[in-house]
Amino acid sequence: IRGFGARAQFGIRGVKVIVDGIPETLPDGQGSVDAIDLGATSQIEVIRGPSSSMYGNASGGVISIQTEGGGPTPFAEARLSSGSYGFDKWQFKTGGQTDKLNYLVSVSDLTYDGYREHSRAVSKQVTGRFDLDLGNKRDLLTVVNYTDQPQSDDAGGLTAALAATNPRAAWPTNLLYDAGEELTQTRLGFVYSMPVGTHGSIKARNYYAWRDFANQLPVQSSGAVDLTRAFGGGGFSYSYDGTWLDRPNRLVTGFDFDDQNDDRLRYDNLQGVHGNLAFDQNEHVTSHGVFMQNELSLNPKLLLTLGARADQVTFTVTDHFFADGFDNSGSKSFDRTSPMVGFVADIAPQVDFYANYSTSFETPTTTEFNNPDGSGGFNQNLKPQIARQMEVGIRGSFRPKQRYELSVYRINVDNELIPFEVPSTPGRNYYENAGQSGRKGLEFSWQSDLTDRLQSTLSYTYSDFTFVDFIDSSGNNFDGNVIPGTSKNVLYGELVYRPMGGWYASGEVLYVDKQYGNNANTVPVAAHTVANLRLGYDAQIGDLSFTPFVGINNVFDESYTDNVRLNAFGGRYFEPAPPRNGYVGVTVNWKFR
């Protein structure tokens, strides 16, 4: 989102991920999506740009996800799909509504051999959402998720020459050391809400998660990682919808507390087998935040928003490995206050103009704190990344069902966190701070119901993201260079057609401009255009619905890189995407009336 998260080699960085009001992003700022069941998701909301005033650490943007509810009529649904490169998935869902309980349970199983050698993935998920009406407008939401991924192979990045001649290959070192990961995670969360007085309401959340993770890197020294993680937390917010200064006003205030406790072991990777223990430490992260945001209608056409959040994030390392002769235990604490101010003006019927100033901060994660020399403890040279954004925009609608938005922004970032590799441990990322970087951009979107049966979506982003002041630890000057992993132009378009008789067809096109794989901008990654098609049929027979579908990805057989390994050692920047491929499936839904 606006360049935040581009550096992530795994998981989600710089963007806060929230599921049903419960953070999927850890207190240290690292997020993951492997435990999110998209097949049981009803809504995804995206907040673009720095937003730490409400959401805290790792907020270059926010992705808020809502799990699907049961609906008024009980149902059971089975979905089967199969496709190229060994893709097979089945999913079963059931849900409904009783007098007091809305519920949904989803179970899924996915296997995928992958386009490239050594890229097989297996994932099993169980997701449940239970919304209990306690009466008197009180509500208790309980969400549970269990994820088991026993295999997720890593084919690694390729050199440009190997990607061109044999794009399906895995990097030989990744094969030699059996690179990849496996994990299990259990998450349990509660969200309680109730009214307070005539105009107020409170919401409290509490969650717990347990994660076992194993990762094998394509390197012998300390190349096998075993991680046992427990994280959880809670929060409380109070909302007041009333008046202030005789004007309509909405106030939200509250606090968050989150805790992360990791036991991290590293062993030598003896070609896929654990060797000697090389690293043993406990990493403990706590995060406390207090926030307030107020929306005041200055007049019927002007809304003013003010907000601020104060955060403290503390990292503590306890070193249990003394064979190297050192005790690298220690702690670091970061304090930050993040303000924001903005307004929305109704300048014409169904047309709003808005402007805002917002801020964010982003601490290094426990993994990013790794010392490049391989020792334990913290890389004491790393600082948090700070961003400040100015944005103006216009949004509205014209004619029936025509919606648009246009925004322009500028973001100044201090101490941007940049990944790099060292020759002794290729495949493992370390981090350093750039002095200052700048982001200028434009975003446009348009959604239209062209006819009763034809809908379209169009979006375009222009991004000018460069280093303003950056001399790396080796003395290389990158001032004025483009931030790697970002593209200047991205264009997306979609058409959905639903003629008479239950048929539907959709087509989408995505254009991604050239980007660079390294800070020096000497490794260009070519632009690409990818088109996808999907065709299906909705048949209704009484209470039974039957929906077969077929799809083609990469219709025009474009050769392109779908993931860039930033600043990779040895020229291994490129992860080729699959050529033209397809899938078929069917969804059967039965409602119990």
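If you read the sequence from its start, that first residue is 1, and numbering goes on from there.
Within the structure, every pair that satisfies the salt bridge (charged side-chain N to carboxylate O under 4.0 Å, His left out) test and touches residues 150-170, not counting sequence neighbours, is listed here: Asp154-Arg565. Pairs of residues two or more places apart, or lying in two chains, that qualify as side-chain hydrogen bond (donor to acceptor under 3.5 Å, both in side chains) and include a residue from residues 31-42 are Asp34-Arg211, Asp37-Gln91, Asp37-Ser106. Evaluation of the side-chain hydrogen bond (donor to acceptor under 3.5 Å, both in side chains) test over residues 514-526, restricted to residues two or more places apart or in two chains, returns Lys514-Tyr516, Asn518-Thr522, Asn519-Asn567. The stretch residues 465-481 participates, sequence neighbours left out, in no salt bridge (charged side-chain N to carboxylate O under 4.0 Å, His left out) pair at all.
A distance of 4.0 Å separates OG1 of Thr147 from CD of Gln125, quoted to the nearest 0.5 Å. Considering CZ of Phe334 and CD of Gln312, their distance stands at 11.0 Å, rounded to 0.5 Å. Atom CH2 of Trp171 sits about 14.5 Å away from atom NE2 of His118, to the nearest 0.5 Å. Atom OH of Tyr583 is separated from atom CZ of Phe87 by 9.0 Å, given to the nearest 0.5 angstrom. Taking OH of Tyr207 as the reference point, atom CZ of Arg187 lies at 10.0 Å (rounded to 0.5 Å). To the nearest 0.5 Å, atom CZ of residue Phe4 and atom CG of residue Leu417 are 11.0 Å apart.
At a threshold of 4.5 Å between non-hydrogen side-chain atoms, the residues Leu277 and Leu265 count as touching. At a threshold of 4.5 Å between non-hydrogen side-chain atoms, the residues Ile44 and Ile63 count as touching. The shortest side-chain heavy-atom distance between Ile65 and Asp20 does not fall under the 4.5 Å cut-off. A 4.5 Å side-chain heavy-atom check between Thr111 and Asp109 finds at least one atom pair inside the cut-off.
Judged by distance alone, with hydrogens and angles left aside, the side-chain atoms of Ser487 form no donor-acceptor pair with the main-chain N or O of Val490 at under 3.5 Å. A donor-acceptor pair is defined here as one N or O able to donate and one able to accept, closer than 3.5 Å; such a pair exists between the side chain of Arg116 and the backbone of Ala169. In this structure, the side chain of Thr25 does not engage the main chain of Gly31 through any donor-acceptor pair within 3.5 Å. Between the side chain of Asp148 and the backbone N or O of Tyr146, no donor-acceptor pair lies under 3.5 Å. Under the 3.5 Å distance criterion, the side-chain polar atoms of Asp513 are left unmatched by any main-chain donor or acceptor of Ala527. Judged by distance alone, with hydrogens and angles left aside, the side-chain atoms of His284 form no donor-acceptor pair with the main-chain N or O of Val317 at under 3.5 Å. Between the side chain of Asp28 and the backbone N or O of Thr363, no donor-acceptor pair lies under 3.5 Å. Put simply, the side chain of Asn554 gets close to the backbone of Pro578: a donor and an acceptor are under 3.5 Å apart. Listed for the Lys93 side chain is no donor-acceptor partner under 3.5 Å among the backbone atoms of Glu68. Put simply, the side chain of Ser84 gets close to the backbone of Gly582: a donor and an acceptor are under 3.5 Å apart.
Two rings, from Phe255 and Phe291, have their centers 6.0 Å or more apart.
Residues forming a ring-ring contact (aromatic ring centres under 6.0 Å, His included) with His528 (at least two apart in sequence, or on another chain): Tyr560. Remark: Ser437 engages Glu416 in a side chain to side chain donor-acceptor pair (under 3.5 Å) (not counting sequence neighbours). By the ring-ring contact (aromatic ring centres under 6.0 Å, His included) test, Tyr55 is found to be paired with no residue, residues two or more places apart in sequence or in another chain being considered. Evaluation of the ring-ring contact (aromatic ring centres under 6.0 Å, His included) rule for Tyr85 yields Tyr115 as partners, not counting sequence neighbours. For Thr318, there are no side chain to side chain donor-acceptor pair (under 3.5 Å) partners at least two apart in sequence or on another chain. His274 is linked by a ring-ring contact (aromatic ring centres under 6.0 Å, His included) to Tyr267, counting only residues two or more places apart in sequence or in another chain. With sequence neighbours excluded, no residue forms a salt bridge (Lys or Arg N to Asp or Glu O under 4.0 Å) with Asp562.
Side-chain N/O atoms of Gln216 and Tyr177 include no donor and acceptor closer than 3.5 Å. Looking only at atom types and distance, the side chain of Asn415 has no donor-acceptor partner in the side chain of Gln385 under 3.5 Å away. At a cut-off of 3.5 Å, with distance as the only test, no side-chain donor of Thr561 or Asn563 sits close to an acceptor on the other residue. A donor-acceptor contact under 3.5 angstrom links the side chains of Ser333 and Thr314, judged on distance only. Residues Asp327 and Ser329 have side chains that bring a donor and an acceptor to within less than 3.5 angstrom of each other. The closest side-chain donor-acceptor pair between Asn261 and Asn282 falls under 3.5 angstrom. Checking Gln281 against Glu283 by side-chain atom types alone, a donor-acceptor pair falls below 3.5 Å. Side chain to side chain, Asp268 and Gln220 fail the donor-acceptor criterion of an N or O pair below 3.5 Å.
Shown here is Phe322, whose CZ atom has more than 12 heavy atoms of other residues, nucleotides or ligands within 6.0 Å.
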Item to check | Chi angles and distances behind the side-chain contact (heavy atoms from CB on, under 4.5 Å) call for Leu175, Asp178 | outcome: CA-CA 5 Å; Leu175 289 174; Asp178 193 22; over 6 Å; no
Under 3.5 Å, sequence neighbours excluded: what are the donor-acceptor pairs made by side chains of residues 226-234?
unit_1: Arg229; atom_1: NE; unit_2: Asp262; atom_2: OD1; d: 2.8
unit_1: Arg229; atom_1: NE; unit_2: Asp262; atom_2: OD2; d: 3.2
unit_1: Arg229; atom_1: NH2; unit_2: Asp262; atom_2: OD2; d: 2.9

